[in-house]
Amino acid sequence: MRYSPQKIEKKWQKIWAKKNYQIWHASDLPKKKHLYLLDMFPYPSGEGLHVGHVEGYTASDILSRYYRMQGYEVLHPMGWDAFGLPAENYALKTKKPPQEIVPQNIKRFKEQMQSLGFSYDWQREINTTDPDYYKWTQWIFLQLFKKGLAYEEETYVNWCPSCKTVLADEEIEEGKCERCGTKVERRKLKQWVLKITAYAERLLQDLDLLDWPERVKTMQRNWIGKSEGVEIEFKIADTDKYLKVFTTRPDTLFGVTYLVLAPEHPLIPEITPSNTQNEIKRYLAESLQKSDFERQANLTEKTGVFTGAYALNPATKERIPIWVSDYVLMGYGTGAIMAVPAHDERDFSFAKEFHLPIKEVIAPEGKPHLEELEKPYSGEGILVNSGPFTGLDSQTAREKIALFVNAKKVVNYKLRDWIFSRQRYWGEPIPIIKCPRCGNVPLEEKDLPLKLPQIKKYEPTGNQESPLADITSWVKVTCPKCHGEALRETNTMPQWAGSSWYYLRYLDPKNKKFLVEKKKAQTWLPVDIYIGGVEHAVLHLLYARFWHKFLLDLGVVTTPEPFQKLINQGVILGEDGEKMSKSRGNVVNPDTIIQQYGADSLRMYEMFLGPLSFSKPWSSQGIIGIFRFLNRIWDLVTSEPQKKDGLKLTKEAQEKLKKELQELERLEQLTIKKVTEDIENIHFNTAISALMEYVNRLNDFPKEYLPKKYLKTLVLLLSPFAPHLAEELGKTYLHQRGLISQSKWPSYDKKLVEEKQFKLLIQVNGKLKATLEVNKGISKNLAQKSALPLVQKYLGKKKVKKVIFVPDRLINFVI
RNA sequence: GUCCUUGUGGCGGAAUUGGUAUACGCGUAGCGUUCAGAACGCUAUCCCGCAAGGGUUGUGGGUUCGAGUCCCACCAAGGACACCA
């Protein structure tokens, strides 16, 4: 019979599916050693699963199957991150409610996952759009609100005048709405905001606890953007008012030649004299309208106006002008800066533009330039032109000058609070009632979930509210506090809400009383291995860490971090080496591949392609190579060897066979070792190479003398990668009793792996010249004696200066 | 601009972590099988050389008995952030 994945895969999927996949169920409170293996759950789009999903999910499936065979209780769940724009946009187009579309997409995704043989514990399936789930998303929001960590604030948002809606940053491409191409405007709107900044320091510090790729940690560190500096007060000339600026370089204070305020700075109207007011107003109007994209479009050209007011440099008492420019951001520091054009690039180009003085106060060697500076110098050095501080090195001066002007030490973060409302339909309703008398009143916990009502129109209202605002029956409520008339909050939560805590719900998916029982959280957390793409390096992974820490403070969980080890899978590119996309026509559909070669080939091919974290192009020839390999295994295991008839082997042949068997035994042991270690280190590509070498050797061996145990080992080692084929071969051809996936992982004998002899490398000046088979533990003297004759011709008459001997490895003659 | 990652055959990649560079697979070529093709099997496949031998891990330098691996500089590709004072 030929290998026919189409037949055997369906068969085994049915067997695994018995009693809702009972064989993959993990108990709530396991007694034995246990492991939580988590995938980043997908957004169930209409497109179905793509090969990138398959890569990450196969990797975690291999680990799950492997650790189960090693005797672990493995929690390996799957669910759906189903709120969000695509479903809503699709609803807008087709007039079909997302409530109908989403289940269809989920059904398709689930079928595809099952057709790949992924060993998920489906009794723990969750769906972020299920009221039983988002009840607890809303509950977490209420706790944040009660602790003052969710608040409302007027902030500027991206507004698409054509779609009449607020856009998230991700929905903007080059300053234009990604859907209609209209130029995005800036509007001030009242928004719900989560105070993630309150956790900035912990989010930064605890990165050290994590076993994550260094670059993801770096990205989070940069995103949090901690910077330590001081706040210095500048007196505004001819008034009693003071202006605070933040700086990390107080050592440059003597080089400050002007101050700059952000256009949003509240002090501007107060300090502007009447003769410059019109000009200032014009500039503010202009820059406040610009979108962030436009403000940043040209980083080198600076704009700005002089306010007409002056400040006094606290160090020199000089009068310096106060300017307004949009290169200063209100959201960072104090919204005002002291400009040191000689030592800051931005200040330098601003000073050049407006012909402001540039005063050098730091020189690398302590010698000031005589001619005009050509570019700013922002490094360390010796102070010049700095009064009593001249001659100090910049780092000492930093402390001394700060002390001199009474500056306060301040820590600033780039991290901003998380804007949490969306003027959208398809998201979790925010459980708040807006009462004209009581203000924002939280819903009572017993009234959760606040269900999302069905609506007919998904178009935004245009008056900056979500489509929910049009459903009067839903919006109008009585205030729980004063029982007067009140309105519901009509904004919904962003995409990221549901995914910020889903790994908790898997632990206790049906709990009606609480989001997760503490004992279960304590047992299973943190997630041992979390696999997903790098695209979530900051947003999702930072938000989830924030919520986790908040839940730690509430006592819901007990670990400081949610995900102990993070693994990023790389992107699978199209065959042309470009990103897969419909427009390029280079998309590979997993369904087609499964039909042609089977799920086992697809799984194994994606793992063989290269290291998991690499980006690598798809190859339609490459998958054939894996398909051939699985065919060779099939033929090897299923072929009936010819009967050994009475013919006796000669003594010589017997000896030879005995030796070959010994070698085979050793190779088997080595292969077990290699595959075991490679799986644990997530080196699946080399694990598969080792299996190939093992199979090649088995194929060379005379079949009639090949003991079945070597085939059994092969099937066991193969099973995490190609589970269907392994089950079929085990059951039908090796007469395995139970399921291969429930068997014990083979172990190896350390003594057998070790060899008595080794190949001594003989080098001359570090270059390999010969090798020699010798016993292990050979002494330097003996090695030298036996090796020397072999390399005599390279030594000639030259004298051996030195002999380097590495035990059980090499000997090197230096001449 | 800043930060991060990666540079090994025609291609994906391997290398006991400083010790035989190019494992495994793809592709290609030749041969076998076949009426023929597909499929399969065998052999070869980094470069120069008939050979002995010599050279080769983006480029240049350094450390070392010995460097693909460590250090410095440069070049190239990819990614992230981007006026954060």
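What you see is a predicted model; the values in this text were computed from it and never measured.
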Could you tell me the Watson-Crick or G-U partner of B:G25, where both distances fall under 3.5 Å? Say none if there is no partner.
B:C11

Using Watson-Crick or G-U wobble geometry with both distances under 3.5 Å, which nucleotide pairs with B:C31?
B:G41

With a 4.0 Å cut-off on heavy atoms, is [X] in touch with a base, just the backbone sugar-phosphate, or nothing at all?
{"X": "A:Val328", "answer": "base"}
{"X": "A:Phe629", "answer": "nothing"}
{"X": "A:Lys579", "answer": "nothing"}
{"X": "A:Ser227", "answer": "sugar-phosphate"}
{"X": "A:Leu609", "answer": "sugar-phosphate"}
{"X": "A:Lys802", "answer": "sugar-phosphate"}

For A:Glu535 and B:G79, what is the distance between atoms CD and P respectively, to the nearest whole Å?
13 Å

Counting only distance, no hydrogens or angles, is the base of B:C65 paired donor-acceptor with the side chain of A:Lys801 under 3.5 Å?
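By the distance-only test, no, there is no pair.
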
Contact pattern, 5' to 3', of nucleotides 19-33 of chain B - B, S or - by protein heavy atom under 4.0 Å:
BB--BBSSS------

Using a strict cut-off of less than 4.0 Å between a Lys/Arg side-chain nitrogen and an Asp/Glu carboxylate oxygen, indicate whether A:Glu233 and A:Lys408 qualify as a salt bridge.
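So A:Glu233 does not pair with A:Lys408 through a salt bridge.
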
In terms of side-chain geometry, is the basic nitrogen of A:Lys756 or A:Glu773 positioned less than 4.0 Å from the acidic oxygen of its partner?
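Not counted as a salt bridge, because no side-chain N and carboxylate O are separated by less than 4.0 Å.
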
Going by atom types only, do A:Tyr258 and A:Asp347 share a side-chain donor-acceptor pair under 3.5 Å?
no

Is there a side-chain contact between A:Glu380 and A:Arg249 (heavy atoms, below 4.5 Å)?
yes

Okay, side chain of A:Asn681, backbone of A:Glu677: is any donor-acceptor separation there less than 3.5 Å?
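At least one qualifying donor-acceptor pair exists.
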
Look only at the side chain of A:His343 and the backbone of A:Val361, and say whether a donor-acceptor pair between them is shorter than 3.5 Å.
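Flag set: sc A:His343 to bb A:Val361 pair under 3.5 Å.
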
Taking 4.0 Å as the cut-off, does a side-chain nitrogen or oxygen of A:Tyr332 come that near to OP1 or OP2 on B:A85?
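Looking at the OP1 and OP2 atoms of B:A85, one of them is under 4.0 Å from a side-chain N or O of A:Tyr332.
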
Distance below 4.0 Å between A:Lys769 side-chain N/O and B:G54 OP1 or OP2:
yes

Could you label the plane-to-plane angle of the A:Phe350 and A:Trp323 rings as parallel, tilted or perpendicular, counting under 30° as parallel and over 60° as perpendicular?
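Correct class here is perpendicular.
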
